[in-house]
Amino acid sequence: MLQLNVIRENKDAIIEALKKRNSDAASLIDSVLVLDEKRRATQTQLDKTLADSNKLSKEIGILYKSGKAQEANALKEETANLKESSKDLTEELNTIATELQQALYLIPNVPHDSVPTGKSEEDNEEIFKEGDIPVLAGGALPHWELAKKYDIIDFELGVKIAGAGFPVYKGKGARLQRALINYFLDKNTAAGYNEIQVPHVVNEASGYGTGQLPDKEGQMYYMPADDLYLIPTAEIPVTNVFRDVILNEKDFPITHTAYTPCFRREAGSYGAHVRGLNRLHQFDKVEIVRVEHPSKSYEALDGMVEHVKDILRELKLPYRILRLCAGDLGFTSALTFDFEVFSTAQDRWLEISSVSNFETYQANRLKLRFKDEDGKSQLAHTLNGSALALPRVLAGILENYQTPDGIIIPEVLVPYCGFDKID
RNA sequence: GGAGAAUUGGCAGAGUGGUCGAAUGCGGCAGUCUUGAAAACUGUUGAGGGUCACACCUCCGGGGGUUCGAAUCCCUCAUUCUCCGCCA
């Protein structure tokens, strides 16, 4: 959520910047400013009324104490009007505040200057590419065929138990999943991220805190009996650790890593590209989250990108990095880099990580602040990224490391797996 | 799941209808003293709105109510603790 005072002071610049997202926010911003003004005017009026009635109440109290009940009763009558108008004003204020809040929820984050203009993922800018794309022998298979051939992932069994998009990993497939989780967590903690285990469900307040609500409720599994959501990403619980928190400057940087399963309804995204592991309702992911001083957050973002690169180099997977264009940028993000691994047998790139800086957008909703040098409260910056999402990494490994004799396990994972080949 | 108790500032803990945003202690910060530090002493120390700055307003777990007036009374929800039941 954008800050009101920032909108007030940079109205035109914000409208201009949001045009990059192909959203004309001008009228929305205008109505926010009108509502803001109305809110403050109403607040001032209410404050005055309350001040008057507080004053009267105090006088009544003093009169009673000094035994002047009659005079007190006379004053009581005067309060009736004040009470009436303060009730009306409170109602009015609540209405305006709610409208203002809802309008603010509809405004996405302002894209960073470096974000390229563009309408869709086709306009994303490739900024880096590394790793050799293997030349596979004849008869190379896509990962879902390999999964079947070696009996390591059973998609049909998942359908029976839960439904499409909930695969069952078996034998060496299950072991490889566990190896990847442990490897990622080890890499992240070695880089200084503090491991944390968090709930896999979140309440409504947490959903609003990181911006999934009210925007994306259709993408989350919701449990009405308990008013809880299954998490679509560890970003929500891990970042909400810092909801309503005031940090000291010396607490920066805050870094966490967490493994969680992720649940996504993926409503309406069925089609040709969802086969196998490409798009699931439940998948595993290891996330990294940072809370940073505003002056350090872009440096931190670069550090996260380098960290993810390092992992992919060790796995020896061909990958590229995209700078998302404004049209493809997430609602809450100011700048996002996507990592994609090349799926050789499918001949396409698969997104395996998304690393973003949200600047103060989430912090404003979370009320995540810190005391600066002058002792004033300021909003912190939040960032997060996948390091990494498992299924497509697994797809990449299966396809790129396949040989006629079986699938070779990347060297760095062998100690975690306890085997070096799936055959 | 049943019965009872509780929820106050960074922490501990007073406060049961009136000048209480809240005593006191600890912690934090600043100063005095000291070669330096500790101790001691003095001052200061919640968040938000509002204002050029004051004034002023809101917040004592969340929401609602009673009252001229609520941290204090009532209702409701949440959470925590104790006892019982069930259970990985």
Side-chain angles (χ1 to χ4, degrees), chain A residues 1-9 32-101 103-104 197-209 213 222-229 237 240-252 254 261 291 360 362-380:
Chain A
M1 189 163 71
L2 298 181
Q3 296 168 80
L4 263 175
N5 61 334
V6 174
I7 297 177
R8 255 182 243 147
E9 284 157 28
V32 162
L33 289 175
V34 168
L35 284 166
D36 176 42
E37 202 139 315
K38 259 167 85 178
R39 199 210 91 233
R40 278 183 295 163
T42 312
Q43 179 76 255
T44 305
Q45 248 185 301
L46 175 63
D47 285 356
K48 264 188 201 159
T49 313
L50 288 173
D52 288 346
S53 103
N54 284 346
K55 215 167 125 194
L56 277 181
S57 291
K58 278 183 187 171
E59 281 172 29
I60 291 170
I62 292 166
L63 287 174
Y64 269 125
K65 273 201 169 164
S66 50
K68 298 175 183 163
Q70 251 185 347
E71 288 176 48
N73 285 332
L75 278 188
K76 267 195 202 179
E77 282 167 30
E78 279 186 43
T79 62
N81 275 340
L82 290 173
K83 229 184 156 182
E84 186 76 13
S85 59
S86 76
K87 202 180 157 196
D88 292 347
L89 285 167
T90 303
E91 242 165 68
E92 202 181 321
L93 183 66
N94 287 341
T95 308
I96 294 168
T98 306
E99 278 175 44
L100 177 59
Q101 187 63 241
L104 281 171
Q197 284 199 13
V198 290
H200 299 166
V201 297
V202 290
N203 56 29
E204 195 179 45
S206 294
Y208 275 92
L213 295 175
Y222 175 58
M223 294 170 285
D226 297 290
D227 200 15
L228 292 169
Y229 297 85
N240 271 279
V241 165
F242 302 98
R243 175 151 47 89
D244 288 317
V245 165
I246 301 179
L247 299 161
N248 292 312
E249 234 171 322
K250 61 173 192 273
D251 295 330
F252 292 124
I254 287 173
V291 180
T360 58
Q362 291 182 328
N364 194 30
R365 290 193 178 190
L366 293 162
K367 296 196 171 63
L368 164 52
R369 293 158 291 177
F370 68 96
K371 289 272 188 203
D372 65 17
E373 283 173 334
D374 305 326
K376 285 198 164 182
S377 292
Q378 274 191 54
L379 293 173

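Just so we're on the same page: letters track the sequence lines, and every chain starts at 1. Computed from a predicted model, the values in this text were never measured in an experiment.
- No contact: L82(A) has no heavy atom under 4.0 Å from any strand.
- The side-chain heavy atoms of L368(A) and L247(A), taken from C-beta on, include a pair separated by under 4.5 Å.
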Give the B/S/- string for nucleotides 7-12 of chain B, one per nucleotide from 5' to 3', where a protein heavy atom under 4.0 Å of the base yields B, of only the sugar-phosphate yields S, and otherwise -.
------
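- For N203(A) and Y208(A), the side-chain atoms include no donor-acceptor pair closer than 3.5 Å.
- For K55(A), the side-chain contact (heavy atoms from CB on, under 4.5 Å) test picks out E59(A), with sequence neighbours left out.
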Reading nucleotides 54-75 of chain B 5' to 3', which nucleotides get B (base under 4.0 Å from a protein heavy atom), which S (sugar-phosphate only), which -?
--SSS---------BS------
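- Of the residues near RNA chain B, I246(A) and R40(A), the one whose nearest nucleotide (by heavy atom distance) lies more toward the 5' end is I246(A).
- Counting only distance, with no hydrogens or angles, the side chain of R39(A) and the backbone of A97(A) share no donor-acceptor pair below 3.5 Å.
- For E77(A), the CD atom counts as loosely surrounded, since its 6.0 Å shell holds 12 or fewer non-hydrogen atoms of other residues, nucleotides or ligands.
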Could you go step by step and tell me if S53(A) and T79(A) meet the side-chain contact (heavy atoms from CB on, under 4.5 Å) rule?
CA-CA 6 Å; S53(A) 103; T79(A) 62; 5.6 Å; no
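- For the pair K250(A) NZ and rG28(B) P, the computed distance is 10 Å after rounding to whole Å.
- Distance CG/D36(A) to CD1/I7(A): 8.5 Å, rounded to 0.5 Å.
- For the pair N240(A) (side chain) and P237(A) (backbone), a donor-acceptor distance under 3.5 Å is absent.
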